[in-house]
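Just so you know, these numbers use all the heavy atoms, side chains as well, and skip hydrogens, waters and symmetry mates.
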Amino acid sequence: MTAELKNGGESVLYKIAEGYSGYVLTVIRNFAGGALSAQDIEELCSDVFWQLWLHRDNLDESFGLKPYLSVCAKNAVKNRLRSRRVPFENIEDLEIASGLTVEKTAELHEMMECLQKALAAISEDEREVFLRFFFYGEKTADIARAMGINENTARSKLSRTREKLKDYLTQRGFDYV
């Protein structure tokens, strides 16, 4: 599909947008975590496809369209939320929209780095199930169908992966996980 976009006209973009709009909207909604209005989400979805069109010549065909759209969607959300920040007087008083302080946010960032290392240490199947479930908000039935596995297998992979990651994080001092 990426090659078609590079060589084709706007009709290819419309076909891609039609096929992937639901996916992009879901990624945006899940990543925004309720911090954006429905109008903002729709606008960001359009922006993602506009960015795809603008950068179509630079797309890496081996990377795949879905991951590219996901990254664009997440970046669009980050940029929108960043642009809404209110100036602050004292950094200690800064609170993130979710109510986390800067200290808690730094701790969360450290845990996310540790989680990335843990994810790199597990099998590709387990990582895919985990990421699809927790980061893309997909249901286990949809994950199983997409991966060509039984739904119970997807659930057990998810459960085992959660335990492995919990153990990994606990061993590194994140005992409240």
Side-chain angles (χ1 to χ4, degrees), residues 1-85 96-98 105 108-149 151 153-154 157-158 161-162 164-165:
M1 194 64 103
T2 308
E4 288 179 48
L5 182 63
K6 284 182 177 182
N7 302 325
E10 291 178 23
S11 63
V12 177
L13 177 65
Y14 293 127
K15 191 164 76 172
I16 291 170
E18 188 176 295
Y20 288 95
S21 286
Y23 173 74
V24 171
L25 285 167
T26 299
V27 171
I28 292 170
R29 261 190 228 104
N30 291 342
F31 197 69
L36 297 174
S37 69
Q39 182 180 353
D40 284 336
I41 291 169
E42 289 285 334
E43 191 176 303
L44 289 179
C45 184
S46 296
D47 290 349
V48 166
F49 291 106
W50 176 244
Q51 289 300 314
L52 176 66
W53 178 252
L54 290 178
H55 300 287
R56 67 188 178 276
D57 294 330
N58 301 327
L59 294 175
D60 182 356
E61 293 179 35
S62 66
F63 189 60
L65 196 54
K66 222 173 177 182
Y68 179 83
L69 290 171
S70 176
V71 168
C72 284
K74 288 177 182 180
N75 287 338
V77 170
K78 285 180 196 175
N79 291 338
R80 177 65 56 95
L81 294 176
R82 242 185 242 130
S83 71
R84 290 184 172 178
R85 286 205 178 132
I96 310 305
S98 66
T105 303
L108 187 59
H109 180 71
E110 186 180 332
M111 182 171 46
M112 289 304 290
E113 285 179 1
C114 190
L115 180 60
Q116 285 178 322
K117 290 176 184 172
L119 286 170
I122 60 176
S123 76
E124 193 173 320
D125 282 352
E126 290 171 326
R127 184 172 40 252
E128 184 175 351
V129 170
F130 181 84
L131 292 175
R132 282 175 174 260
F133 187 82
F134 285 105
F135 287 85
Y136 299 123
E138 293 182 23
K139 297 176 182 168
T140 53
D142 296 332
I143 295 168
R145 194 171 23 264
M147 294 179 66
I149 59 176
E151 186 175 354
T153 304
K157 283 182 184 290
L158 183 60
T161 302
R162 272 190 273 196
K164 286 179 185 179
L165 296 177

Asks: Does some side-chain heavy atom of Gln51 sit less than 4.5 Å from a side-chain heavy atom of Asn75?
Replies: no

Asks: So Tyr23 and Ser70, do their side chains get closer than 4.5 Å, heavy atoms only?
Replies: yes

Asks: For Glu42, check salt bridge (Lys or Arg N to Asp or Glu O under 4.0 Å) against everything at least two apart and list the hits.
Replies: none

Asks: Are side-chain heavy atoms of Leu69 and Val27 found at a separation under 4.5 Å?
Replies: no

Asks: Who passes side chain to side chain contact (heavy atoms under 4.5 Å, CB included) against Ala154, sequence neighbours left out?
Replies: Ala144, Ile149

Asks: Can you name the residues that form a side chain to side chain contact (heavy atoms under 4.5 Å, CB included) with Lys117, not counting sequence neighbours?
Replies: Tyr168

Asks: Which residue in the set Leu44, Leu52, Val48, Ile41 passes side chain to side chain contact (heavy atoms under 4.5 Å, CB included) when paired with Val24?
Replies: Val48

Asks: Can you list the residues that meet the side chain to side chain contact (heavy atoms under 4.5 Å, CB included) rule with Trp53, with sequence neighbours excluded?
Replies: Leu5, Glu10, Leu13, Trp50, Arg56

Asks: Kindly compute the distance separating CE (Met147) from CG (Asp142), expressed to the nearest 0.5 Å.
Replies: 13.0 Å

Asks: Show me the side-chain donor-acceptor pairs of residues 123-133 shorter than 3.5 Å, one per line, residues at least two apart or across chains.
Replies:
residue	atom	partner	partner atom	Å
Ser123	OG	Glu126	N	3.2
Ser123	OG	Glu126	OE1	3.2
Glu126	OE1	Ser123	N	3.3
Glu126	OE1	Lys164	NZ	3.1
Glu126	OE2	Lys164	NZ	2.9
Arg127	NH1	Leu119	O	2.6
Arg127	NH1	Ile122	O	3.1
Glu128	OE2	Arg132	NE	2.9
Glu128	OE2	Arg132	NH2	3.2
Arg132	NH1	Glu138	OE1	2.9

Asks: Of all the heavy-atom pairs spanning Phe31 and Lys74, show the shortest one and how long it is.
Replies: CE2-O, 3.6 Å

Asks: When you compare the side chain of Ile28 with that of Asp40, does any pair of heavy atoms fall below 4.5 Å?
Replies: no

Asks: Holding to side chain to side chain contact (heavy atoms under 4.5 Å, CB included), I want the full list of residues that pass it with Asn30, two or more places apart in sequence or in another chain.
Replies: Thr26

